[in-house]
Amino acid sequence: MAKILITSALPYINGVKHLGNLAGSMLPADVYARAMRLMGHDVLYICATDEHGTPAELAAQAAGMKVAEYCEKMHIAQKGAGAQFKLSYDYFGRSSAPSNHALTQHFAHVLEENGLIEERVSQQVYSNADGRFLPDRYVEGTCPNCGFEKARGDQCDNCGKLLDPVDLIDPYSAVSGSKDVEVRDTNHLYLKQSALSDDLRKWVNAAQGWPPLASSIALKWLDEGLRDRSITRDLSWGIPVTDKDGSVREGFEGKVFYVWFDAPIEYIAATQDWAAETDADWESWWLTDKGADDVQYVQFMGKDNVAFHTLSFPTTIIGQNPKKMGEPWKLVDQLKAFNWVTWYGGKFSTSEKRGVFMDQALDIAPSDYWRWHLIANAPESSDTAFTWEEFQASVNSDLANVLGNFVNRITKYCVGKFEGKVPEGGEDGEAEAWLIKELQTRLPQLVSHYEAREFRKAMAETRAIWAAGNEYLTQAAPWTHYKTDVDQAAVGVRAGLNLVALFGIIAQPIIPDAAEKILDAMNIPPANRTWNFGKHDDIAKLINALPIGHAINAPDVLFTKIEDPDIELWTERFGGGQ
RNA sequence: GGUGAGGUAGCUCAGCUGGUUAGAGCGCAGGACUCAUAAUCCUGAGGUCGUGAGUUCAAGUCUCACUCUCACUACCA
């Protein structure tokens, strides 16, 4: 049994997340967490809302709410959406929690003591009308390069040129449209990532089990030369910059830590909150001298998050203990990065409301449908296109036809011909030998795909195991034998029912609702729903695991199919398709 | 512009350190079966592996050039 700490990138607070966010971090983390729990590991799965930053302030303003109220409301909404998608967080926290304030400030103090923080002055656009500093992207104006009138301060969307806001002709606030903007000096704290560049490179090079996407992005930044990153912003909503006595640091009134500095720290702070609520110990998960050296820490994220998780946050962590005499915090061991799910050629977009969002998704189909489709087609090696047709195909074919129909056909037959009880009689023969061999090959492969976090492969293997059940029934054909040899028919029904239980067990990480229905119908006690297939010889016993005479029920249709008119309706509603 | 990832059957994707007739699922065609949500099982058709050169006995797999798509580019997160 291993201790496995799992975090998925914190969803930002400014709206219910779309399917791309779900598919790229929260869902795979959940599937992995569930699988590892079933295999008997000690799992802690932590997530939280990421609540600070300019977009949160502006979204609250647009909603006519105070930012704290807005975040509270959206936190509840996101927590609810996660629960409906059956995301099995051990704790879903908030980056605005007091624990994160304290820990973020503590980390900053230690970093400064260790010479890794420096105060510098930079120039930033200030909007008098809005009464606030504006991030580069919230300043718009005419592009000096191509004359485009709505160029953003960081980059021109028309010609693609990278810009500095001061380059813009006739700059104005993208928030209010006011042209009353000016450049002001402002002082900020900088995290000296460059000082730890060599340590980071060593650590990245030594890392095992990262996909190429993750290590290549990290190395790219290191190769270009790490720049020091400012970790404070001119904002009111966030974690105040304090001195050690808790008072606001001089010159940092009206400033807070940058959201990307405090967000990953929330992984730890949320664990503290979890421990406080459950009377558990958080230190054994995060401090290597308190037991965390045995923890396997796995992070899930989209590719846009990789730099922060491989460089900035590790700088914060390593910077706590640069000479091995400070607090030894846990660094990530394995990191799983995903590409994007794309929506009819473009990206999903929260701000442009393009695509399908978690709450809408559940209006039109059960969470299991989405979970299966999104994880079976996870964007592991490249961006993956979402289409309604693919969604329909994978749900109907994989869930309804292959799995659902298998459960249905054998349980109904058992109820019809064998009184709904696991029948005795007959002896295993060729078909059963084929089936056992199939399971002996495929189950270990399934486990290793999960352990390697190869989700597409794990799903393909799961499907192949379900399909093998149908193939077995064709070979065993109990309905044919029943006419002449009831005992022979009993063999097929018995093995088939055992397969139903097995299929339900391996479905649990992916489609928890349907899996529960299957296992309930089979009257499998909770203790027997774990994932201990054992070795070769134990697997051979799986098709005779249920006791003779064990009563089962035929569940209702597990998966209603998605019909063509549904697709037409959804296409119209969500604007997908041509 | 720079950097990275990717371009493999109609669609979504596997193909590790180069090695017999390039694979899977869906879709399509034909057949089988009838227990089941007209489900399932079997068989088959279908690809000059983005383009052009090169290295090699041998390249989807290595090198170079070109081309297309996407991402990142540090103050959106």
Side-chain angles (χ1 to χ4, degrees), chain A residues 9-14 50 52-56 58 122 124-125 133-139 152-155 159-162 164-165 188 193 212-213 216-217 219-221 223-224 226-230 232-234 258-260 263 302-308 311-312 339-340 342 345-347 350-351 376-377 379-387 389-390 392-394 396-398 400-402 404-414 416-417 454 456-457 459-460 463-464 467 469-480 482 489 492-493 496 554 556-561:
Chain A
L10 306 188
Y12 195 65
I13 196 70
N14 69 337
D50 177 12
H52 299 137
T54 308
L58 296 179
S122 63
Q124 186 74 29
V125 174
F133 282 92
L134 296 172
D136 291 358
R137 120 167 351 212
Y138 288 95
V139 185
R152 292 196 320 264
D154 57 342
Q155 182 167 23
C159 65
K161 188 175 172 61
L162 294 181
D164 198 292
H188 282 295
Q193 301 185 123
L213 182 67
S216 69
I217 290 174
L219 289 172
K220 181 202 115 189
W221 283 54
D223 289 344
E224 287 179 1
L226 272 191
R227 277 182 255 160
D228 299 335
R229 188 188 278 272
S230 74
T232 52
R233 292 290 182 276
D234 291 288
Y258 176 37
V259 43
W260 258 116
K303 58 185 169 186
D304 55 329
N305 277 320
V306 169
F308 297 102
L311 302 166
S312 310
N339 292 279
W340 306 123
T342 60
K347 285 210 303 184
T350 306
S351 54
N377 297 287
E380 283 179 308
S381 62
S382 61
D383 292 351
T384 300
F386 174 90
T387 67
E389 291 73 17
E390 290 286 332
Q392 179 188 32
S394 54
N396 289 358
S397 170
D398 301 340
N401 294 347
V402 173
N405 183 240
F406 175 81
V407 172
N408 203 255
R409 66 194 292 210
I410 192 64
T411 52
K412 273 194 176 171
Y413 190 75
C414 173
K417 304 286 190 190
E454 294 268 14
R456 276 175 180 264
K457 289 178 181 170
M459 296 313 121
R463 204 202 100 93
N470 284 309
E471 192 178 340
Y472 165 74
L473 282 189
T474 301
Q475 289 183 39
W479 46 87
T480 303
Y482 190 81
V493 172
D556 294 336
V557 166
L558 289 166
F559 306 100
T560 310
K561 288 192 201 181

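Only a predicted model underlies this, so the values are computations on that prediction, with no experimental measurement involved. What's counted below: heavy atoms across the whole structure, side chains too, no hydrogens, waters or symmetry copies.
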Would A:Thr232 and A:His188 count as having a side-chain donor-acceptor pair, cut-off 3.5 Å? yes
For RNA chain B, whose closest nucleotide is more 5', that of A:Lys457 or that of A:Ala393? A:Lys457
For A:Gln392, side chain to side chain contact (heavy atoms under 4.5 Å, CB included) partners two or more places apart: A:Asn396, A:Ile562, A:Asp564, A:Ile567
What integer number of Å spans the P atoms of B:A5 and B:G44? 38 Å
5' priority, RNA chain B, between A:Val402 and A:Glu454 [closest heavy atom]: A:Glu454
For A:Arg227, what residues pass the side chain to side chain contact (heavy atoms under 4.5 Å, CB included) criterion, not counting sequence neighbours? none
Could one point to a donor on the side chain of A:Gln124 or the base of B:C75 with an acceptor on the other under 3.5 Å away? yes
Less than 4.0 angstrom between a side-chain N/O of A:Arg463 and OP1 or OP2 of B:C26, yes or no? yes
For nucleotides 3-12 of chain B, tabulate all protein N/O to nucleotide N/O atom pairs closer than 3.5 Å, reporting atom names and distance.
{"unit_1": "B:C11", "atom_1": "O2'", "unit_2": "A:Glu390", "atom_2": "OE2", "d": "2.8"}

Looking at every strand, decide which applies to A:Phe133 at a 4.0 Å heavy-atom threshold: base, sugar-phosphate, or nothing. nothing
Partners meeting side chain to side chain contact (heavy atoms under 4.5 Å, CB included) with A:Ser312 (sequence neighbours left out): A:Gln193, A:Arg229, A:Phe308
Non-neighbouring partners of A:Ala376 that pass side chain to side chain contact (heavy atoms under 4.5 Å, CB included), sequence neighbours left out: A:Trp372, A:Met459
For A:Lys561, the side-chain hydrogen bond (donor to acceptor under 3.5 Å, both in side chains) test, sequence neighbours excluded, returns A:Asn401
Using the test side-chain hydrogen bond (donor to acceptor under 3.5 Å, both in side chains), find all partners of A:Glu380 that sit at least two apart in sequence or belong to another chain. A:Lys336
Reading nucleotides 32-38 of chain B from 5' to 3' and marking B where a protein heavy atom lies under 4.0 Å of the base, S where only the sugar-phosphate is that close, and - otherwise, the string is -SSBBB-
With sugar-phosphate meaning primed atoms plus P, OP1 and OP2, does A:Asp154 contact a base, only sugar-phosphate, or nothing at under 4.0 Å between heavy atoms? sugar-phosphate
Does A:Arg229 place a side-chain N or O at less than 4.0 Å from the phosphate oxygens OP1/OP2 of B:A74? no
Short side-chain donor-acceptor distance under 3.5 Å, A:Arg463 and A:Ser394: no
Tell me what A:Ala467 touches on the nucleic acid: a base, only sugar-phosphate, or nothing, going by heavy atoms under 4.0 Å. sugar-phosphate
For A:Tyr472 and B:U40, is the shortest distance between a side-chain N/O and OP1 or OP2 below 4.0 Å? no
Taking only residues two or more places apart in sequence, or in another chain, which ones meet A:Asn408 in a side-chain hydrogen bond (donor to acceptor under 3.5 Å, both in side chains)? none
In whole angstrom, give me the gap between the P atoms of B:G60 and B:C49. 7 Å
Partners meeting salt bridge (charged side-chain N to carboxylate O under 4.0 Å, His left out) with A:Lys303 (sequence neighbours left out): A:Asp383
What residues, two or more places apart in sequence or in another chain, satisfy side-chain hydrogen bond (donor to acceptor under 3.5 Å, both in side chains) together with A:Asp136? none
Pairing pattern in dot-bracket form [Watson-Crick, G-U; both distances under 3.5 Å; | = partner strand] for RNA chain B: (((((((..((((.....[...)))).(((((.......))))).....(((((..]....))))))))))))....
By nearest atom, which of the nucleotides B:G15, B:C75, B:C72 is closest to the A:Asp136 side chain? B:C75
Give the nucleotide from the list B:A77, B:C75, B:C76 with an atom nearest to the side chain of A:Tyr138. B:C76
